[in-house]
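The structure under discussion appears below in the form of structure tokens.
Within every chain, numbering begins at 1; the chains are lettered A, B, ... in the order of the sequence lines, protein sequences first and strands thereafter.
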Amino acid sequence: MSRYHRHITLSEIGQQGQDKLSAAKVLVVGAGGLGCPILQYLAAAGIGTLGIIDFDVVDISNLQRQVLFGTSSLGQNKAKAAKKRLEDLNNEIIIKSYPEELNYQNAIDLFEHYDIIVDGTDNFETRYLVNDACIITNKPLVFGAIYKFEGQVSVFNYNNGPSYRCLFPNPPKKDSVPNCSEIGVLGVLPGIIGSMQANEVLKMILGIGYVLSGKLLCYNALTSQTSVLSIRKIEDNFHKVLKNSLVFHKKPLNINCDVDIIDISIMDILQKENIQFIDVREHHEQPKVDNLKITYLPLSELENHLDKINSGKEKAIFCQSGIRSKQAVSILKKYNITNCYSIKEGASDINKFIKEQHKTSFNVR
Amino acid sequence: MTITIKYFGLIAEVTKQNEETIDFSGQSATELLEYLFLKYPDLKNKDFQVAQNQELVANDAIITGQELALLPPFAGG
């Protein structure tokens, strides 16, 4: 019996429909809470070419909902880890991983290679980038977004339908809506919303049923209520994006997560100059970071020692896992101390990176 | 006229309910929002769109329907 027997048996799909799935190219932006179920069902369904773009790495707090990953994937890039899992799920399809950030420079070229774009991102900046790039490349966009116990699903830019900007014309005022992933979310919710997104993709490719174009489906996991609202196309939103399409690739991506906490990787911070490195772990915590000049300021003492913060430098704050460093950035912001970054990596990964960098530069010489 | 207002996401957190039914004598959504801003001052600095009878409308739309919804954008994924 063939892999797709249960599809082919359906008169609405048949071998002809399965061949359509096999010929389709779908790009999933973000392999997180939404991306995981989307990718899982699209790979299982036999989408011929599946692209995954995500710069992030798997963290233990992801496993509560990001079902493609396990403890063995911790620390791995999500696009690569997802590809590995999906290749085991279906070795008859092509899976391409892009372990990088989607930005204004790479979006257009990347989108051109695919038929349908699926949005599984976690911040407004990237959502508007994805929407606008879909308008410029004229690709349909399967949208999904979640908040705590609620989700939204729609299909934009499909058959002359509305775009995300026809629903929400501009990104919200900073800080008025929680951005990124610092708020809680019921683990199963992205599973439900992501599966709905995968369903829209399949319907579009197969040409069956009704696609959620011009409609926004709102789902509440606590009340099990679903509301469907109509969205009208506003041409002006398309004109504005198309008018600026020539300068699109020049825009910088400026993702503001939550309260301006700027997450940065050790690799990026080492390319900067004039940095004060601050370790906010308690004094006894190991390992210490070698080869960098460090200011030791445990989080518990931070507010009593603000004088140790160098106002003339940018501050790069780290801890054991990247959580307390974020708290430190928030605390400093309260005191109007800006130019603070939270290093994504913990102390031991920072050490590892610096060691490897030394090795590389030694080898080059 | 009696209208039911549905609240989603963070808007429901401000109003502390998923929906409510009110007696409203005004004409436009603008008037309704003014009333809601008085009742829930924190709504003022929130971003949301207004839907009337399951259709997205401008903030100054004339109220003809019995059901309104305040819909915020979600970022999470």
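Going from atom CD of A:E150 over to atom CZ of B:F8 covers 7.0 Å, rounded to the nearest 0.5 Å.
Between B:D47 and A:P172, the shortest heavy-atom distance links the atoms OD2-CB, 3.4 Å. Between A:F124 and B:P73 the shortest heavy-atom distance is CE2-CB, 3.6 Å.
Only the side chain of B:E13 has a heavy atom closer than 4.5 Å to any heavy atom of chain A. Looking at A:F149, there are no atoms closer than 4.5 Å to chain B (heavy atoms on both sides), in backbone or side chain. Residue A:V185: no heavy atom, backbone or side chain, is found under 4.5 Å from chain B.
Residue-level contacts of residues 48-60 of chain B with chain A, in order of numbering, are B:Q49, B:A51, B:Q54, B:E55, B:L56; threshold 4.5 Å between heavy atoms. Contacts from residues 216-227 of chain A to chain B, taken as heavy-atom pairs separated by less than 4.5 Å, involve A:L216, A:C218, A:N220, A:T223, A:Q225, A:S227 in sequence order.
Between A:L167 and B:L71, some side-chain heavy-atom pair lies under the 4.5 Å cut-off.
The environment of NZ in A:K233 is crowded: more than 12 heavy-atom neighbours from other residues, nucleotides or ligands sit within 6.0 Å. Remark: B:K44 NZ is loosely packed, at most 12 non-hydrogen atoms of other residues, nucleotides or ligands lying under 6.0 Å away.
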For the pair B:L10 and A:Y147, evaluate side chain to side chain contact (heavy atoms under 4.5 Å, CB included) and give the outcome as yes or no after the intermediate values.
CA-CA 8 Å; B:L10 165 133; A:Y147 178 77; 3.5 Å; yes
